[in-house]
Every structure is written in structure tokens, then in C-alpha cells.
Amino acid sequence: MLNKTIQVLEYSRIFSLPMTILSWLVIFTYSIINFGNILYGIIAFIGICFVHLATNLVDDFFDYKYLIKMVNFDKEEYLKNSQKTKCRYLISKKMTEGQIINVIILYLSIALFIGGFLFFKCGIGVLYYMLAGGAIALLYPFFSRICMSEIMVALAYGPILYGGMYYVMTGTTSADVFLLAIPSTIMTVVLLYIHTVMDYEYDLNEGKKTLANRFNSELESLVVLKFLLIFAYLSVVLLCIMDIVDWQVFLTFLTIPLAVDLYKSLVVYSINHEEEPKRKWYHFPMENLAKLKERGESSFMFRMYQSRNLMIYFSIFFVIGIILSLAI
């Protein structure tokens, strides 16, 4: 039972949860400083995590349904593309369609129960955030095929997550909260965008329109990544200018070398997908790399871990900066 649970969590891409955890931590910390209810914040966090995992499975499910309808789809050939880990468990029958639907229902049921509890405890505002988050979770696969992935993720991890958490914990809304969301939201979008850059060819072959594959090549698409990274750090300065936080949040600038390293790594990948960067001490954590190397997936996942870790370190320094500037 334990092994099966671990497998399902792996298929749900639990490795991507830090983007939710760290985004939550930023607004959770800010809300506590503004006398927010800690218990409600933690309960909401659990619900948000289940929605995240459900969204991953919903996306995989519809990608799979689209794949098997393709006239030239060859299961054996597809499974050779080891970097494309999405849908692998469905195509190889490690999990059936019925099982994945049941897991999605379970995840969303837990989230719905938590949302119902918070609705009765905190007010009708919770319902609006629930509906918005639920709509994105269920419709994300369709938006992802029309170049709107980044917009949906920005909405989910920006105004919906930050506004909803602040409302649940304080019972109020604040324009400052939506501005505070900008830096970490951009870093979350960076994580998604890098995934679509590395899936450039696969998405084209599957007829999926993404922002990345609107460019003539993977290398050309990196101009968007460069813009996102620059804007993420500039938005921190903007928060200080608007007096939402103080200069202590400039601690996030310590992650700039990691951002540069990530960009250079993607340039190399866009030229040669097989070339893996030499692992340095600051690349920690990178779990299961040996196993991934055996499966031929380490080059792809190395970049995913890089982008995830950048988001982690950026958010941690951002949280520390918020505490130093507003709570001490």
C-alpha cells in the first residue's frame, strides 16, 4: 500500500510541490505579520496542495487522451523518448484511466471538503477563490494548448493564491497583497516556461501551441525566459519603491548567479539535449539523479531541478526579507 501511494505521488509529480509550498509560505508569512489566523492558513495550504496534484493528473489525463487519438501515435516509439515523462505511467499501463480519474476525484474531494470548512469559517469570499482555482485546475489542459499556460499559472499562483490565503487568514482583502505576489509568481511561471521550452519538439508534434514553440527554435524562445528573470528581480525593487516592504528583500538578489546559471544551462540544452551540466554544490537538492541517469532523463530533469531550486531559494530569501523588514 505504501509503495503504491509513493508511486501515485510520483505520477502526480510531487517533485513540483515546492512551487506551491514556497508561494504559500510568502503570503502565509505576510498574513501572520498582519495578525492572520495561522490554523486557517495551514488548513488552506493542505487544500491547495491537493488541487496542485490534481491539476497535474488532469493535465496528464487529457494529454494522454489526445495522444492515443493521433493517427501516427506509436506507444513503443513514444516511450523511447525518455525525457518526456508525462503520461508514461498511462501509456505503459502502470495506471489505468479509471484509476487516475479516481485519484483526481480523491484529491479534489479533499480540497473541496477543506474549502467548504473554510467557507463556513471565513465567509463567502472563500467561495469565489475556490471557484476560480477549481476552474483553472480543470480547464488547464485546454488553456495549455492555446498558449495560455503561463497566464493560467500566473493567475493561480498570483491573485488567487495570495488573495485567497490573505482572505482566509485575515478576513480582508488588500491591494498590497496582489503586488507582493508578483516576484514569486514570476519565478513560478519561469518553472513552467522552462518545461515548455524543453518540450518544444514534443509539443509541436502533438499539435500543442505553447508560448515557447511560437518561436522558430528553442534558442530563440529563451528571450522570454531572460525577460521573466529580469522582471522578477525588478519587481522586488518595485515593492520597495511602493513601500510595501523594505530593502531587506534585496536578499533575493543573492540568487541572481543561480538565475544566470539556469539561463546558460538552457542555452546549452537548446543546442544539445543530451549535454548535462557539471553538478555544483549550489545545485542542491537534486533527488534521484542516479536513477534518472539510468533512464536517460537526467539532462531534462537537471534543468527542471535548477529552475525549481531557483524558485525555492528566491522565495526563502524573500520570506526572510519580509520578516526582517516588517516583523523586526
Side-chain angles (χ1 to χ4, degrees), residues 11-14 16-17 19-24 26-28 40-41 43-66 86-87 97 100-169 173-175 177-182 184-193 195-196 203 208-211:
Y11 300 154
S12 306
R13 300 202 293 281
I14 194 171
S16 66
L17 264 189
M19 62 192 279
T20 291
I21 296 171
L22 273 299
S23 294
W24 166 82
V26 174
I27 185 57
F28 179 71
Y40 290 169
I43 292 173
F45 162 71
I46 296 171
I48 292 166
C49 285
F50 277 107
V51 172
H52 178 165
L53 295 177
T55 304
N56 287 343
L57 291 182
V58 169
D59 190 36
D60 282 3
F61 179 79
F62 283 102
D63 274 358
Y64 170 74
K65 297 297 283 185
Y66 185 86
K86 288 184 62 179
C87 305
E97 291 182 40
I100 194 173
I101 290 173
N102 288 337
V103 175
I104 291 170
I105 291 173
L106 174 63
Y107 285 164
L108 292 180
S109 295
I110 295 171
L112 185 61
F113 176 80
I114 290 173
F117 170 80
L118 293 172
F119 168 72
F120 286 110
K121 288 291 185 179
C122 306
I124 195 168
V126 174
L127 179 62
Y128 303 140
Y129 289 109
M130 280 177 58
L131 290 174
I136 289 177
L138 294 174
L139 297 175
Y140 178 79
F142 306 100
F143 285 120
S144 69
R145 292 189 171 275
I146 55 173
C147 297
M148 292 187 67
S149 297
E150 290 79 10
I151 294 174
M152 292 301 106
V153 167
L155 287 174
Y157 283 89
I160 295 175
L161 173 60
Y162 274 66
M165 278 295 305
Y166 192 76
Y167 179 84
V168 162
M169 292 182 67
T173 57
S174 169
V177 166
F178 299 115
L179 293 172
L180 185 73
I182 294 174
S184 64
T185 299
I186 295 173
M187 283 299 181
T188 303
V189 171
V190 163
L191 182 58
L192 169 70
Y193 187 72
H195 198 293
T196 61
D203 288 338
K208 199 177 211 180
K209 294 180 181 178
T210 66
L211 179 58

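Numbers here are sequence positions counted from 1. Small disclaimer: the values here were computed from a predicted structure and weren't measured.
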**Study point:** Whether W24 side chain and L161 backbone form a donor-acceptor pair below 3.5 Å
**Key:**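 Side chain of W24 to backbone of L161, a donor-acceptor pair under 3.5 Å: no, none is there.
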Check your understanding: Counting N and O atoms only, with roles assigned by atom type, does the side chain of T196 sit under 3.5 Å from a partner on the main chain of Y193, one being a donor and the other an acceptor?
Key ->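 Checked: pair present.
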Review point. Where do Y157 and H52 land on the side chain to side chain contact (heavy atoms under 4.5 Å, CB included) test, with the steps shown first?
Key: CA-CA 10 Å; Y157 283 89; H52 178 165; 3.2 Å; yes
Any side-chain heavy atom of [X] sitting closer than 4.5 Å to one from [Y]?
| X | Y | result |
| --- | --- | --- |
| Y140 | F62 | no |
| F178 | Y166 | no |
| I48 | M165 | yes |
| M130 | L112 | yes |
| L118 | I114 | yes |

Taking all atoms of both residues into account, what is the closest heavy-atom pair of [X] and [Y], and its distance?
| X | Y | result |
| --- | --- | --- |
| I136 | M152 | CD1-O, 3.8 Å |
| T55 | A137 | OG1-CB, 3.2 Å |
| P141 | R145 | O-CG, 3.5 Å |
| A181 | G158 | CB-CA, 4.0 Å |
| T20 | C49 | CG2-SG, 4.2 Å |
| V126 | G115 | CG1-O, 3.8 Å |

Spacing of [atom1] belonging to [X] relative to [atom2] belonging to [Y], to within rounding of 0.5 Å:
| X | Y | atom1 | atom2 | answer |
| --- | --- | --- | --- | --- |
| H195 | T210 | NE2 | OG1 | 11.5 Å |
| Y128 | F119 | OH | CZ | 8.5 Å |
| S16 | L191 | OG | CG | 7.5 Å |
| N56 | D60 | CG | CG | 7.0 Å |
| L53 | L17 | CG | CG | 4.5 Å |

Please output the side-chain donor-acceptor pairs of residues 104-111 that fall under 3.5 Å, not counting sequence neighbours, one pair per line with the distance.
unit_1: Y107; atom_1: OH; unit_2: S12; atom_2: OG; d: 3.0
unit_1: S109; atom_1: OG; unit_2: I105; atom_2: O; d: 2.6

**Study point:** side-chain hydrogen bond (donor to acceptor under 3.5 Å, both in side chains) between T185 and Y162, intermediate numbers included
**Key:** CA-CA 10 Å; T185 299; Y162 274 66; 5.6 Å; no
Review point. What is the ring orientation for Y167 with Y129, classed by angle as parallel under 30°, tilted 30 to 60°, or perpendicular over 60°?
Key: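 Judged by the thresholds at 30° and 60°, the geometry between Y167 and Y129 is tilted.
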